[in-house]
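Just so you know, these numbers come straight off a predicted model, no measurement behind them. Each ligand, and each atom within it, is numbered from 1 in the order the structure gives.
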Amino acid sequence: MVKGRRLYEGKAKILYEGPEPGTLVVHFKDDATAFNGEKFEVIEGKGVLNNRISEFIFQRLMDMGIPTHFIKRLNMREQLVKKVEIIPLEVIVRNIAAGSIAKRLGLKEGEKLPRAIVEFCYKDDALGDPLVTEDQINAFGWASPQEMDDMIHIALRTNDILSGMFAAIGIRLVDFKLEFGREYAPDGMVRTVLADEISPDSCRLWDMKTDEKLDKDRFRRDLGGLVDAYTEVARRLGIKVGGGNDKGSGPKLVKG
Ligand code: ADP
Ligand code: UDP
């Protein structure tokens, strides 16, 4: 498939024009960044793993009726998606205290939260993606009340589906980040869909038996072994990450 012009290069991915209007080719890089780009490293193999794991997760969510931007994986590093207007918010769902909420509220890392908590951060690297309130989102018009309802509903359903999916393979879904976009249909209708990626770069995943971290905290906290950890997540999900345009061996793997 011929991809078009390069439209944007971010910290972890590059976006190209897709073959049809309204589509994009997303290329997953091996670049790892943390602390708003202050920490940087190239970790060979990370992009391939995130492409495969994100494909698997989006496909699973779509099987459960969640609307997403995902169309299909193209090759080891690229996927075809619908181009959407990104809502400038990072939606974080938390089941267990870790990272910024532990610091902010003085909670012990690993403490179970009373229930799943949804947080919103304003997507702005220069400001360090600050936590924002629903009233601020409403007042500044970053998302409409209907979009807020859609995002909260989809975020909590995604949490239920993914918590169960990971628990079945001995992994605790501690927290994760979602991005949403507006998909404009030709008839002018707008729909809120899940966009970007869901991978060990954007989730905290802890082994249920050992509490070993199987996510980007391996990089953030200089623990090493990031590729081994992501490979382990892929293996448990039944994704075979080998050479060539492999299709995987797991029972749930999607064709093509
Ligand atoms: P960042 O921009 O934070 O450095 P990435 O390197 O992951 O992050 O870049 C991917 C960019 O693509 C993000 O800004 C994300 O919001 C955007 N994006 C993800 N999915 C879509 C989509 N379907 N349509 C348009 N933009 C998207
Ligand atoms: N996260 C993300 N991108 C961001 C910020 C957070 O993917 O720009 C994910 C992060 O991997 C974790 C969850 O969102 O799974 C909650 O992150 P937290 O707010 O605790 O941030 P951090 O510890 O990275 O400061």
> Taking all atoms of both residues into account, what is the closest heavy-atom pair of Ile86 and Glu179, and its distance?
Replying inline: CG2-OE1, 4.0 Å
> Which atoms form the tightest heavy-atom contact between Tyr16 and Arg6, and what is the distance?
Replying inline: CD2-CA, 3.6 Å
[X] atom [atom1], neighbour heavy-atom count above 12 within 6.0 Å:
X      : atom1 : result
Met62  : CE    : yes
Phe140 : CZ    : no
Lys83  : NZ    : no

> When you check the gap from the basic side-chain N to the acidic O, do Asp211 and Arg172 get nearer than 4.0 Å?
Replying inline: yes
> Under 6.0 Å from the six-membered ring centre of Phe219 and within 45° of its axis: does the NZ or CZ of Lys39 meet both?
Replying inline: yes
Counting from 1, what ligand 2 atoms have a heavy atom of [X] closer than 4.0 Å?
X      : answer
Asp129 : 8 (O)
Asp201 : 7 (O), 11 (O)
Gly99  : 20 (O), 23 (O)

For [atom], closest protein heavy-atom neighbour:
atom                    : result
atom 6 (O) of ligand 1  : Ala12 N, 2.7 Å
atom 20 (N) of ligand 1 : Asp196 N, 3.2 Å
atom 13 (C) of ligand 2 : Asp175 OD1, 3.4 Å
atom 4 (O) of ligand 1  : Lys11 N, 2.6 Å

Proximal atoms of ligand 1 relative to [X] (non-hydrogen, under 4.0 Å):
X      : answer
Val81  : 23 (N)
Glu179 : 15 (C), 16 (O)
Lys123 : 14 (O), 16 (O)
Leu24  : 22 (C), 24 (N), 25 (C)

>> Applying side-chain contact (heavy atoms from CB on, under 4.5 Å) to Trp142 and Val132, what does each step give before you reach the verdict?
In response: CA-CA 11 Å; Trp142 294 322; Val132 289; 3.9 Å; yes
>> Considering both backbone and side-chain atoms of Tyr8, is one of its nitrogen or oxygen atoms within less than 3.5 Å of a nitrogen or oxygen in ligand 1?
In response: yes
Identify which of [options] has a heavy atom lying nearest to [atom].
atom                    : options                : answer
atom 4 (C) of ligand 2  : Lys11, Arg204, Glu90   : Glu90
atom 21 (O) of ligand 2 : Gly128, Ser100, Cys203 : Ser100
atom 10 (C) of ligand 2 : Arg220, Lys216, Lys177 : Arg220
atom 27 (C) of ligand 1 : Val84, Ile86, Val26    : Ile86

> Using the ring of each side chain (for Trp, its six-membered ring), is Phe58 parallel, tilted or perpendicular to His69, with breaks at 30° and 60°?
Replying inline: tilted
> Is Leu15 touching ligand 1 with its side chain, its backbone, both, or neither, if touching means heavy atoms under 4.0 Å apart?
Replying inline: side chain
> Which one holds for Lys13 and ligand 1: side chain close, backbone close, both close, or neither close, with close meaning a heavy atom under 4.0 Å?
Replying inline: both
>> Applying a strict under-4.5 Å side-chain criterion to I, L, V, M, F, W and Y, I'd like to know whether Tyr230 and Leu162 cluster together.
In response: yes
> Same cluster or not: are Met151 and Leu178 linked, directly or through other Ile, Leu, Val, Met, Phe, Trp or Tyr residues, by side-chain heavy atoms under 4.5 angstrom apart?
Replying inline: yes
> So Arg94 and Ser100, side chain to side chain donor-acceptor pair (under 3.5 Å) or not? Walk me through it.
Replying inline: CA-CA 11 Å; Arg94 302 180 183 275; Ser100 66; 3.0 Å; yes
>> Would Glu85 count as a contact residue for ligand 1, given that I'm defining contact as a non-hydrogen atom of the residue lying under 4.0 Å from a ligand atom?
In response: no
Relative to ligand 2, is [X] under 4.0 angstrom through side chain, backbone, both or neither, heavy atoms considered?
X      : value
Ala98  : backbone
Arg94  : side chain
Asp215 : neither

> Do Asn138 and Glu134 pass the side chain to side chain donor-acceptor pair (under 3.5 Å) test, and can you show the C-alpha distance, the side-chain angles, and the key distance before you say yes or no?
Replying inline: CA-CA 6 Å; Asn138 202 7; Glu134 280 202 47; over 6 Å; no
